[in-house]
Amino acid sequence: METDIPATYTYMGRSINDDSSSAFSDCNSDRSGEFPTASSLSRGLLIACASDNSDDLIRQLVLRLESCSIEEQKQATMEIRLLAKNKPENRLKIAKAGAIKPLISLTSSPDLQLQEYGVTAILNLSLCEENKELIALSGAIKPLVGALKTGTPTAKENAACSLLRLSQVEENKVSIGRSGAIPLLVNLLEYGGFRGKKDASTALYSLCSVKENKIRAVKAGIMKPLVELMADLGSNMVDKSAYVLSVLASVAEARTALVDEGGIPVLVEIVEVGSQRQKEIAVVILLQICEDSMVNRKMVCREGAIPPLVALSQSGTNRAKQKAETLIELLRQPRSGNAAARTPEMSA
(Lines give C-alpha, C1' and ligand atoms only; values in the text may rest on other atoms or scores of the structure.)
Protein backbone atom coordinates (compact mmCIF):
# COMPACT_ATOMS: atom_id res chain seq x y z
CA MET A 1 0.00 0.00 0.00
CA GLU A 2 1.82 3.11 -1.21
CA THR A 3 1.16 6.76 -0.45
CA ASP A 4 -1.73 7.97 -2.54
CA ILE A 5 -0.31 11.13 -4.11
CA PRO A 6 -0.86 11.39 -7.86
CA ALA A 7 2.24 11.68 -10.01
CA THR A 8 2.12 14.88 -12.03
CA TYR A 9 5.74 16.03 -12.17
CA THR A 10 9.07 15.58 -10.42
CA TYR A 11 10.13 17.53 -7.34
CA MET A 12 12.99 16.58 -5.00
CA GLY A 13 13.56 13.53 -7.16
CA ARG A 14 10.02 12.23 -6.69
CA SER A 15 6.88 12.42 -8.79
CA ILE A 16 4.27 14.23 -6.75
CA ASN A 17 1.43 16.66 -7.16
CA ASP A 18 1.36 20.45 -7.17
CA ASP A 19 0.08 20.71 -3.61
CA SER A 20 2.87 18.71 -2.00
CA SER A 21 5.47 20.61 -4.04
CA SER A 22 4.06 23.86 -2.69
CA ALA A 23 4.19 22.49 0.84
CA PHE A 24 7.93 21.79 0.50
CA SER A 25 9.13 24.67 -1.65
CA ASP A 26 11.32 26.62 0.76
CA CYS A 27 14.19 24.39 1.91
CA ASN A 28 16.64 24.93 -0.89
CA SER A 29 18.91 27.85 -0.07
CA ASP A 30 21.03 29.51 2.57
CA ARG A 31 18.66 31.61 4.67
CA SER A 32 20.80 32.03 7.78
CA GLY A 33 20.67 35.81 7.51
CA GLU A 34 24.05 36.23 9.18
CA PHE A 35 26.08 37.63 6.33
CA PRO A 36 28.16 40.74 6.99
CA THR A 37 27.20 44.10 5.59
CA ALA A 38 28.87 45.29 2.42
CA SER A 39 31.13 47.64 4.41
CA SER A 40 32.74 44.69 6.19
CA LEU A 41 33.38 42.61 3.07
CA SER A 42 36.86 42.39 1.67
CA ARG A 43 37.54 44.61 -1.32
CA GLY A 44 38.40 41.52 -3.39
CA LEU A 45 35.06 39.88 -2.65
CA LEU A 46 33.14 43.02 -3.59
CA ILE A 47 34.97 43.17 -6.90
CA ALA A 48 34.41 39.46 -7.52
CA CYS A 49 30.70 39.68 -6.78
CA ALA A 50 30.35 42.58 -9.18
CA SER A 51 32.41 41.08 -12.01
CA ASP A 52 32.46 37.92 -14.05
CA ASN A 53 36.07 37.09 -13.20
CA SER A 54 36.10 35.48 -9.78
CA ASP A 55 38.37 32.54 -10.66
CA ASP A 56 41.55 33.98 -9.12
CA LEU A 57 39.80 34.93 -5.90
CA ILE A 58 38.20 31.49 -5.64
CA ARG A 59 41.59 29.78 -5.97
CA GLN A 60 43.02 32.03 -3.25
CA LEU A 61 40.09 31.35 -0.95
CA VAL A 62 40.38 27.58 -1.40
CA LEU A 63 44.05 27.76 -0.37
CA ARG A 64 43.10 29.79 2.72
CA LEU A 65 40.60 27.12 3.81
CA GLU A 66 43.57 25.04 4.97
CA SER A 67 45.27 27.89 6.82
CA CYS A 68 46.60 27.32 10.34
CA SER A 69 44.60 30.35 11.46
CA ILE A 70 40.98 29.70 12.44
CA GLU A 71 40.13 33.35 11.79
CA GLU A 72 41.53 33.14 8.27
CA GLN A 73 39.59 29.92 7.69
CA LYS A 74 36.43 31.65 8.89
CA GLN A 75 36.95 34.59 6.56
CA ALA A 76 37.67 32.34 3.57
CA THR A 77 34.67 30.10 4.31
CA MET A 78 32.38 33.08 4.76
CA GLU A 79 33.48 34.54 1.42
CA ILE A 80 33.06 31.20 -0.35
CA ARG A 81 29.54 30.78 1.01
CA LEU A 82 28.72 34.31 -0.19
CA LEU A 83 30.14 33.68 -3.65
CA ALA A 84 28.18 30.43 -3.88
CA LYS A 85 25.00 32.07 -2.65
CA ASN A 86 25.02 35.13 -4.87
CA LYS A 87 26.14 33.71 -8.23
CA PRO A 88 24.98 30.23 -9.29
CA GLU A 89 27.83 29.90 -11.80
CA ASN A 90 30.33 30.25 -8.93
CA ARG A 91 29.08 27.02 -7.34
CA LEU A 92 30.63 24.89 -10.04
CA LYS A 93 33.77 27.02 -10.17
CA ILE A 94 34.28 26.64 -6.41
CA ALA A 95 33.83 22.88 -6.59
CA LYS A 96 36.23 22.58 -9.53
CA ALA A 97 38.80 24.62 -7.59
CA GLY A 98 38.90 21.87 -4.97
CA ALA A 99 36.92 23.53 -2.18
CA ILE A 100 34.61 20.65 -1.29
CA LYS A 101 36.98 18.42 0.70
CA PRO A 102 38.46 21.20 2.88
CA LEU A 103 34.97 22.59 3.47
CA ILE A 104 33.77 19.16 4.55
CA SER A 105 36.61 18.96 7.05
CA LEU A 106 35.50 22.31 8.49
CA THR A 107 32.00 20.97 9.12
CA SER A 108 33.58 18.90 11.90
CA SER A 109 35.43 21.85 13.44
CA PRO A 110 35.17 22.24 17.24
CA ASP A 111 34.79 25.98 16.58
CA LEU A 112 31.01 26.21 16.22
CA GLN A 113 31.03 29.34 14.08
CA LEU A 114 33.54 27.83 11.67
CA GLN A 115 31.48 24.64 11.59
CA GLU A 116 28.35 26.67 10.79
CA TYR A 117 30.09 28.54 7.98
CA GLY A 118 31.37 25.25 6.55
CA VAL A 119 27.93 23.63 6.65
CA THR A 120 26.35 26.67 5.01
CA ALA A 121 28.98 26.75 2.28
CA ILE A 122 28.30 23.06 1.55
CA LEU A 123 24.58 23.84 1.40
CA ASN A 124 25.13 26.63 -1.11
CA LEU A 125 27.38 24.44 -3.26
CA SER A 126 24.81 21.63 -3.16
CA LEU A 127 22.32 23.87 -4.96
CA CYS A 128 24.28 23.06 -8.11
CA GLU A 129 23.02 19.75 -9.48
CA GLU A 130 26.47 18.77 -10.71
CA ASN A 131 27.93 19.15 -7.20
CA LYS A 132 25.57 16.86 -5.29
CA GLU A 133 27.20 13.57 -6.20
CA LEU A 134 30.71 14.98 -5.68
CA ILE A 135 29.80 16.31 -2.24
CA ALA A 136 28.43 12.93 -1.17
CA LEU A 137 31.34 10.97 -2.66
CA SER A 138 33.76 13.30 -0.88
CA GLY A 139 32.41 12.12 2.47
CA ALA A 140 30.05 14.93 3.44
CA ILE A 141 27.18 12.86 4.85
CA LYS A 142 28.75 11.79 8.14
CA PRO A 143 30.07 15.25 9.16
CA LEU A 144 26.77 16.86 8.13
CA VAL A 145 25.00 14.42 10.44
CA GLY A 146 27.50 15.40 13.13
CA ALA A 147 26.63 19.07 12.64
CA LEU A 148 22.96 18.14 12.84
CA LYS A 149 23.73 16.69 16.27
CA THR A 150 26.16 19.21 17.80
CA GLY A 151 25.98 22.41 15.75
CA THR A 152 24.42 25.80 16.39
CA PRO A 153 20.70 26.13 15.56
CA THR A 154 21.64 27.62 12.18
CA ALA A 155 24.16 24.85 11.51
CA LYS A 156 21.53 22.22 12.32
CA GLU A 157 19.00 23.83 9.99
CA ASN A 158 21.50 24.18 7.15
CA ALA A 159 22.76 20.63 7.73
CA ALA A 160 19.16 19.40 7.38
CA CYS A 161 18.83 21.34 4.11
CA SER A 162 22.17 20.02 2.88
CA LEU A 163 21.11 16.43 3.58
CA LEU A 164 17.86 17.15 1.75
CA ARG A 165 19.79 18.31 -1.30
CA LEU A 166 22.04 15.24 -1.22
CA SER A 167 18.99 12.98 -0.82
CA GLN A 168 17.76 14.16 -4.19
CA VAL A 169 20.33 11.70 -5.57
CA GLU A 170 18.34 8.53 -4.98
CA GLU A 171 21.22 6.30 -3.94
CA ASN A 172 22.18 8.74 -1.17
CA LYS A 173 18.91 8.21 0.71
CA VAL A 174 19.92 4.88 2.19
CA SER A 175 23.40 6.17 3.10
CA ILE A 176 21.93 9.19 4.86
CA GLY A 177 19.46 7.02 6.74
CA ARG A 178 22.16 4.58 7.82
CA SER A 179 24.38 7.45 8.97
CA GLY A 180 22.05 8.24 11.88
CA ALA A 181 20.37 11.29 10.37
CA ILE A 182 16.75 10.21 10.86
CA PRO A 183 16.54 10.40 14.70
CA LEU A 184 18.33 13.77 14.64
CA LEU A 185 15.89 15.13 12.05
CA VAL A 186 12.98 13.84 14.14
CA ASN A 187 14.48 15.65 17.14
CA LEU A 188 14.76 18.86 15.10
CA LEU A 189 11.17 18.42 13.97
CA GLU A 190 10.03 18.16 17.58
CA TYR A 191 12.26 20.69 19.34
CA GLY A 192 13.63 23.01 16.67
CA GLY A 193 12.44 26.51 15.92
CA PHE A 194 9.94 27.18 13.16
CA ARG A 195 12.56 27.10 10.41
CA GLY A 196 14.14 23.99 11.91
CA LYS A 197 10.80 22.20 11.92
CA LYS A 198 10.21 23.12 8.28
CA ASP A 199 13.67 22.03 7.20
CA ALA A 200 13.46 18.76 9.14
CA SER A 201 10.03 17.90 7.73
CA THR A 202 11.20 18.59 4.18
CA ALA A 203 14.29 16.41 4.58
CA LEU A 204 12.26 13.62 6.20
CA TYR A 205 9.69 13.76 3.39
CA SER A 206 12.45 13.12 0.87
CA LEU A 207 14.34 10.49 2.87
CA CYS A 208 11.24 8.53 3.82
CA SER A 209 10.49 7.56 0.27
CA VAL A 210 12.81 4.67 1.18
CA LYS A 211 11.13 1.96 3.27
CA GLU A 212 13.97 1.41 5.73
CA ASN A 213 14.00 5.12 6.49
CA LYS A 214 10.26 5.03 7.19
CA ILE A 215 10.89 2.34 9.82
CA ARG A 216 13.77 4.36 11.29
CA ALA A 217 11.55 7.44 11.54
CA VAL A 218 8.77 5.55 13.30
CA LYS A 219 11.25 3.97 15.73
CA ALA A 220 12.70 7.43 16.39
CA GLY A 221 9.27 8.62 17.54
CA ILE A 222 8.29 10.78 14.60
CA MET A 223 4.58 10.19 15.01
CA LYS A 224 4.25 12.21 18.21
CA PRO A 225 5.55 15.52 16.75
CA LEU A 226 3.71 14.94 13.47
CA VAL A 227 0.37 14.51 15.23
CA GLU A 228 1.04 17.49 17.51
CA LEU A 229 1.93 19.73 14.56
CA MET A 230 -1.14 18.62 12.59
CA ALA A 231 -3.34 19.29 15.63
CA ASP A 232 -2.13 22.90 15.76
CA LEU A 233 -4.01 24.35 12.81
CA GLY A 234 -2.31 27.71 13.32
CA SER A 235 1.23 26.29 13.25
CA ASN A 236 1.77 26.61 9.48
CA MET A 237 3.07 23.05 9.73
CA VAL A 238 -0.15 21.14 9.10
CA ASP A 239 0.45 20.60 5.39
CA LYS A 240 4.10 19.57 5.74
CA SER A 241 3.36 17.21 8.64
CA ALA A 242 0.45 15.62 6.80
CA TYR A 243 2.51 14.99 3.67
CA VAL A 244 5.31 13.40 5.71
CA LEU A 245 2.68 11.25 7.41
CA SER A 246 1.19 10.23 4.06
CA VAL A 247 4.59 8.91 2.98
CA LEU A 248 5.09 7.01 6.25
CA ALA A 249 1.60 5.50 6.30
CA SER A 250 2.48 2.98 3.62
CA VAL A 251 4.11 0.85 6.35
CA ALA A 252 2.10 -0.91 9.05
CA GLU A 253 4.36 0.30 11.86
CA ALA A 254 3.54 3.90 11.02
CA ARG A 255 -0.20 3.30 10.87
CA THR A 256 -0.10 1.62 14.28
CA ALA A 257 1.96 4.47 15.76
CA LEU A 258 -0.40 7.06 14.28
CA VAL A 259 -3.40 5.48 15.99
CA ASP A 260 -1.49 5.07 19.25
CA GLU A 261 -0.54 8.77 19.25
CA GLY A 262 -4.16 9.86 18.82
CA GLY A 263 -3.92 10.71 15.15
CA ILE A 264 -7.44 9.68 14.14
CA PRO A 265 -9.28 12.52 15.97
CA VAL A 266 -6.76 15.01 14.55
CA LEU A 267 -7.28 13.80 10.99
CA VAL A 268 -11.06 13.88 11.36
CA GLU A 269 -10.86 17.45 12.64
CA ILE A 270 -8.76 18.43 9.62
CA VAL A 271 -11.37 16.92 7.29
CA GLU A 272 -13.94 19.05 9.08
CA VAL A 273 -12.19 22.44 9.42
CA GLY A 274 -8.92 22.33 7.45
CA SER A 275 -8.11 23.98 4.14
CA GLN A 276 -9.07 22.20 0.92
CA ARG A 277 -5.54 20.86 0.53
CA GLN A 278 -5.43 19.72 4.17
CA LYS A 279 -8.80 18.00 3.87
CA GLU A 280 -7.67 16.16 0.78
CA ILE A 281 -4.47 14.77 2.27
CA ALA A 282 -6.23 13.95 5.57
CA VAL A 283 -8.84 11.83 3.82
CA VAL A 284 -6.09 10.03 1.88
CA ILE A 285 -4.36 9.15 5.18
CA LEU A 286 -7.62 8.02 6.73
CA LEU A 287 -8.13 5.70 3.76
CA GLN A 288 -4.67 4.25 4.32
CA ILE A 289 -5.27 3.48 7.98
CA CYS A 290 -8.83 2.17 7.45
CA GLU A 291 -8.23 -0.01 4.43
CA ASP A 292 -7.07 -3.10 6.29
CA SER A 293 -8.33 -2.42 9.82
CA MET A 294 -11.88 -2.82 11.04
CA VAL A 295 -10.80 -1.46 14.44
CA ASN A 296 -9.56 1.76 12.85
CA ARG A 297 -12.80 2.12 10.86
CA LYS A 298 -14.81 1.91 14.05
CA MET A 299 -12.60 4.56 15.66
CA VAL A 300 -13.00 6.87 12.67
CA CYS A 301 -16.78 6.46 12.82
CA ARG A 302 -16.83 7.12 16.58
CA GLU A 303 -14.96 10.38 15.98
CA GLY A 304 -17.88 11.60 13.88
CA ALA A 305 -16.15 11.41 10.53
CA ILE A 306 -19.20 10.65 8.39
CA PRO A 307 -20.79 14.15 8.34
CA PRO A 308 -17.58 16.03 7.36
CA LEU A 309 -16.79 13.32 4.82
CA VAL A 310 -20.24 13.71 3.27
CA ALA A 311 -19.70 17.47 3.11
CA LEU A 312 -16.29 16.96 1.52
CA SER A 313 -17.76 14.57 -1.05
CA GLN A 314 -20.07 17.37 -2.13
CA SER A 315 -17.83 20.43 -1.99
CA GLY A 316 -14.17 19.37 -2.08
CA THR A 317 -11.73 19.14 -4.95
CA ASN A 318 -12.45 16.42 -7.49
CA ARG A 319 -9.85 14.16 -5.93
CA ALA A 320 -11.06 14.89 -2.39
CA LYS A 321 -14.63 14.09 -3.44
CA GLN A 322 -13.55 10.74 -4.87
CA LYS A 323 -11.55 9.80 -1.79
CA ALA A 324 -14.29 10.92 0.59
CA GLU A 325 -16.87 8.84 -1.28
CA THR A 326 -14.58 5.81 -1.19
CA LEU A 327 -13.98 6.18 2.53
CA ILE A 328 -17.68 6.68 3.27
CA GLU A 329 -18.47 3.50 1.38
CA LEU A 330 -15.78 1.64 3.29
CA LEU A 331 -17.00 2.91 6.66
CA ARG A 332 -20.59 1.91 5.88
CA GLN A 333 -19.75 -1.64 4.89
CA PRO A 334 -20.99 -4.44 7.18
CA ARG A 335 -18.51 -4.89 9.98
CA SER A 336 -17.64 -8.50 9.43
CA GLY A 337 -14.30 -10.11 8.84
CA ASN A 338 -14.21 -10.32 5.04
CA ALA A 339 -16.68 -7.60 4.15
CA ALA A 340 -14.07 -4.92 3.62
CA ALA A 341 -12.44 -6.13 0.47
CA ARG A 342 -10.04 -3.72 -1.19
CA THR A 343 -11.64 -1.62 -3.92
CA PRO A 344 -9.97 -0.83 -7.26
CA GLU A 345 -10.05 2.85 -6.32
CA MET A 346 -8.02 2.31 -3.17
CA SER A 347 -5.50 0.11 -4.89
CA ALA A 348 -4.72 2.68 -7.54
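Every value quoted in this text rests on a predicted model; they were computed, and no experiment measured them.
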Under the side chain to side chain donor-acceptor pair (under 3.5 Å) rule, collect the residues that match up with [X], sequence neighbours excluded.
{"X": "Thr150", "result": "none"}
{"X": "Arg216", "result": "Glu212, Asn213"}
{"X": "Glu130", "result": "none"}
{"X": "Asn296", "result": "Ser293"}

**Asked** Other than Leu92, which residues form its hydrophobic cluster under the rule that side-chain heavy atoms must be closer than 4.5 Å?
**Response** none
**Asked** Quick one: hydrophobic cluster around Tyr191, which other residues, with the 4.5 Å side-chain cut-off, linked directly or via members?
**Response** none
Show me the donor-acceptor pairs within less than 3.5 Å that the side chains of residues 227-234 make with the rest of the protein, sequence neighbours left out.
residue, atom, partner, partner atom, Å
Glu228, OE2, Lys224, NZ, 3.0
Asp232, OD1, Gly234, N, 3.2

Residues in salt bridge (charged side-chain N to carboxylate O under 4.0 Å, His left out) with [X], at least two apart?
{"X": "Arg64", "result": "Glu72"}
{"X": "Lys132", "result": "Glu129"}
{"X": "Arg59", "result": "Asp56"}
{"X": "Glu71", "result": "Lys74"}

N/O donor-acceptor pairs under 3.5 Å from side chains in residues 256-272, not counting sequence neighbours:
residue, atom, partner, partner atom, Å
Thr256, OG1, Ala252, O, 3.2

**Side chain proximity check, Tyr117 to Glu79, heavy atoms < 4.5 angstrom** = no
